Amino acid sequence: MPELPEVETTVNAISGILTKRQIKFLKVYQPKLRYFFKSTWLNSIVGQKIINVKRRGKYIIINLQVGALIVHLGMTGKLFFSKPNEPLKKHDHFDLNVGQFNLRYNDPRRFGCLIWTKSEPLKHKLIIKLGEEPFSNNFTGTYLYERRQKHKTSIKNFIMNNKVVVGVGNIYANEALFLAGINPKTKACNISLVRFNKLVLCIRNVLNQAIEAGGTTLQDYFSPLGEPGYFKTKLYVYGREHEQCRNCETTIKKVIIGQRSSFYCYHCQT
DNA sequence: ACAGTAACCTGTTTGC
DNA sequence: TGCAAACAGGTTACTG
């Protein structure tokens with residue numbers, strides 16, 4: 001499920017309810033997620049008041065009076081409110097309870113995580129090395145242009161590298177490169193400043209649209225039908241191998257770049 | 001210090 | 001229908 005828009009939507013959905021409430025209990029049913037949850041942390045967590053809920057990259061940071069919880073949704077993680085005594089379903093891994101509200105985590109592939117850190121979460125080793133936020137004023141074409149020289153890799157790998165910019169996953173990397181008219185296989189070091197300027201705008205554009213659709217997705221998620229739509233109708237290239245380009249009717253190609261499926265139109269993207 | 005690959009894990013889709 | 005292989009939204013650890 002989650003690329004940055006999904007995480008953003010999740011944070012918006014939970015922060016209003018969790019903020020200022022006290023953690024009544026935290027039950028961890030499966031400590032073995034991407035990182036092991038140490039049961040000794042529980043003493044430091046339970047009873048604390050939640051100060052706020054923030055996002056950094058795709059990490060969800062739940063700031064407490066002392067330290068913070070850091071949650072990542074991995075590939076398949078979902079956070080949602082359940083009844084406190086709702087029977088556990090398969091792959092439900094923890095409950096964070098603040099009284100009448102109970103935040104539950106479900107993650108079939110267990111690539112997500114829940115950890116507690118005593119000190120400033122933004123200085124945690126998972127967080128501190130992250131690159132620019134895509135909506136930050138520091139994320140500019142010039143920023144990408146200046147960093148490009150070190151990177152002989154493809155532009156697609158470059159923008160998916162979270163030490164460069166966070167929040168651009170496989171789907172939106174494909175879509176942003178289509179909008180920018182850049183072939184995903186082009187080496188990052190060969191891209192001009194003008195094209196980087198455009199790419200920055202396209203990345204923001206794609207993420208913004210998805211954040212809007214993400215709200216819808218989350219509502220759908222709670223509905224009995226359940227399945228998120230991923231606003232598939234809006235996708236230009238992702239998952240559209242053998243279909244026609246929406247601009248020029250050229251057949252969309254699929255190639256593997258950095259072990260990830262990559263889709264592009266060789267006519268529109270050069 | 002960087003590029004490329006393997007690994008973490010389960011569910012779903014695809015192909016024989 | 002059954003079974004195996006391929007593949008999936010992320011990220012890090014390792015190797016060269």
Side-chain angles (χ1 to χ4, degrees), chain A residues 1-11 29-37 55-61 70-79 88-94 105-115 124-131 134 146-177 184-190 203 206-207 209-211 213-214 217-218 220-221 226-232 234-235 237-242 254-263:
Chain A
M1 140 175 157
E3 299 211 36
L4 181 132
E6 303 281 358
V7 180
E8 180 82 17
T9 307
T10 298
V11 167
Y29 311 109
Q30 171 56 278
K32 237 181 106 183
L33 301 176
R34 189 162 208 313
Y35 304 105
F36 194 87
F37 181 89
R55 177 188 66 73
R56 174 73 176 100
K58 291 174 191 164
Y59 289 91
I60 298 167
I61 300 173
I70 299 176
V71 178
H72 197 292
L73 303 179
M75 293 268 242
T76 51
K78 294 176 192 70
L79 282 170
L88 291 178
K89 296 209 168 95
K90 204 173 182 183
H91 308 305
D92 284 344
H93 300 317
F94 68 79
Y105 181 70
N106 182 287
D107 184 1
R109 288 179 73 179
R110 287 195 263 139
F111 287 169
C113 71
L114 168 70
I115 56 175
H124 190 275
K125 67 171 187 175
L126 292 174
I127 311 273
I128 195 164
K129 61 186 171 195
L130 295 176
E146 284 171 354
R147 294 203 54 161
R148 109 214 105 111
Q149 281 171 324
K150 287 195 276 184
H151 294 268
K152 287 192 292 185
T153 188
S154 69
I155 183 63
K156 179 159 181 277
N157 281 341
F158 184 62
I159 62 172
M160 286 182 69
N161 181 345
N162 65 14
K163 289 176 190 139
V164 176
V165 55
V166 297
V168 182
N170 197 30
I171 293 178
Y172 301 122
N174 279 294
E175 294 298 301
L177 288 169
K185 290 183 289 191
T186 308
K187 288 194 189 311
C189 54
N190 289 337
I203 287 172
V206 160
L207 292 177
Q209 287 192 37
I211 286 169
T217 298
L218 199 70
D220 287 353
Y221 177 73
E227 275 310 298
Y230 251 142
F231 77 126
K232 269 189 178 151
K234 285 195 174 179
L235 294 175
V237 285
Y238 182 83
R240 298 193 64 240
E241 186 188 17
H242 303 317
K254 172 179 163 178
V255 293
I256 303 294
I257 301 174
Q259 302 166 269
R260 283 288 192 269
S261 294
S262 308
F263 304 86

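Worth saying up front: this structure is predicted, and the values here are computed from it rather than measured. Order of the sequence lines sets the chain letters (A, B, ...), proteins ahead of strands, with each chain counted from 1.
Aromatic pair A:His93/A:Tyr29: ring centres not closer than 6.0 Å.
Atom CD1 in A:Ile256 sits roughly 11 Å away from atom C1' in C:dA8 (whole-Å rounding). Separating the CZ atom of A:Arg109 from the C1' atom of B:dG11 is a distance of 9 Å, rounded to the nearest angstrom. Computed from coordinates, the A:Arg55 CZ to C:dG10 P distance equals 14 Å when rounded to whole Å. Taking atom NZ of A:Lys185 as the reference point, atom C1' of B:dA3 lies 18 Å away to the nearest angstrom. Atom NZ of A:Lys125 and atom P of C:dA13 are 6 Å apart (whole Å). Per the geometry, CD1 belonging to A:Ile257 stands 16 Å off C1' belonging to B:dT5, to the nearest Å. Between the P atom of B:dT12 and the CE atom of A:Met75 lies a distance of 15 Å, rounded to the nearest Å. Between the CG atom of A:Leu33 and the C1' atom of C:dT11 there is a distance of 14 Å, given to the nearest Å.
Closest to the A:Ser261 side chain, of the nucleotides C:dA8, B:dG11, B:dA3, is C:dA8. Listed nucleotides: B:dT5, B:dT10, B:dG4. Nearest to the side chain of A:Arg110: B:dT10. Residue A:Tyr238 places its side chain closer to C:dA8 than to any other of C:dA8, B:dT5, C:dG10. Distances from the side chain of A:Leu126 to the nucleotides C:dA8, B:dT10, C:dT12 place C:dT12 closest. Among C:dA8, B:dG11, C:dT11, the nucleotide with an atom closest to any side-chain atom of A:Lys254 is C:dA8. For A:Lys129, counting side-chain heavy atoms from C-beta on, the closest listed nucleotide (C:dT11, B:dG4, C:dT12) is C:dT12. Across B:dC9, B:dG11, B:dA3, the shortest atom-to-atom separation from the side chain of A:Lys32 is found for B:dC9. Considering only side-chain atoms of A:Gln259, the nucleotide from B:dT5, C:dG10, B:dC2 that sits closest is B:dT5. Considering only the side chain of A:Pro108, B:dG11 comes nearest among B:dC9, C:dT11, B:dG11. Each of B:dA6, C:dG10, C:dT11 was ranked by its minimum atom distance to the side chain of A:Asn162; first place goes to C:dT11.
Using a distance-only test at 3.5 Å, with no hydrogens or angles considered, no donor-acceptor pair links the side chain of A:Asn174 to the main chain of A:Tyr238. Remark: the backbone N or O of A:Ser262 is not paired with any side-chain donor or acceptor of A:Asn170 at under 3.5 angstrom.
Listed pair A:Thr76 / B:dC9 fails the phosphate criterion, with no side-chain N or O lying under 4.0 Å from OP1 or OP2. A:His91 has no side-chain polar atom (N or O) that falls below the 4.0 Å cut-off from OP1 or OP2 of B:dC9. Proximity of A:His72 to the phosphate of C:dT11: a side-chain N or O atom is located under 4.0 Å from OP1 or OP2. Under 4.0 angstrom from either OP1 or OP2 of B:dC2 there lies no side-chain N or O belonging to A:Lys152.
Residue-level contact check: A:Lys163 touches neither bases nor backbone, having no heavy atom under 4.0 Å from any strand. Here A:Tyr59 lies in heavy-atom contact (under 4.0 Å) with sugar-phosphate atoms only.
Rounded to the nearest Å, the gap between the P atom of B:dA6 and that of C:dA6 is 13 Å. Here, B:dT12 and C:dT11 have their P atoms 23 Å apart, quoted to the whole Å. Comparing C:dT12 with B:dG11, their P atoms sit 25 Å apart, to the nearest whole Å.
Checking C:dA13 for Watson-Crick or G-U wobble geometry (two distances, each under 3.5 Å) identifies B:dT5 as its partner.
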Report task. Would you sort out whether A:Tyr105 and A:Asp107 count as a side-chain hydrogen bond (donor to acceptor under 3.5 Å, both in side chains), showing the intermediate values? Result -> CA-CA 7 Å; A:Tyr105 181 70; A:Asp107 184 1; 2.6 Å; yes
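Of the inter-residue distances, the one linking A:Leu73 atom CG with A:Asn106 atom CG reads 11.0 Å to the nearest 0.5 angstrom. Note that CD1 of A:Ile115 is 11.0 Å distant from CZ of A:Arg34, once rounded to the nearest 0.5 Å.
For A:Arg34 against C:dT11, a side-chain-to-base donor-acceptor contact under 3.5 Å is present.
Counting heavy atoms from C-beta outward, A:Leu79 and A:Ile60 have side chains that approach closer than 4.5 Å.
In this structure, the aromatic ring of A:Phe111 is positioned over the six-membered ring of the base of B:dC8, centres within 5.5 Å and planes within 30°.
Toward the 5' end of DNA chain B, the nearer of the two residues A:Lys150 and A:Lys90, judged by each one's closest nucleotide, is A:Lys150.
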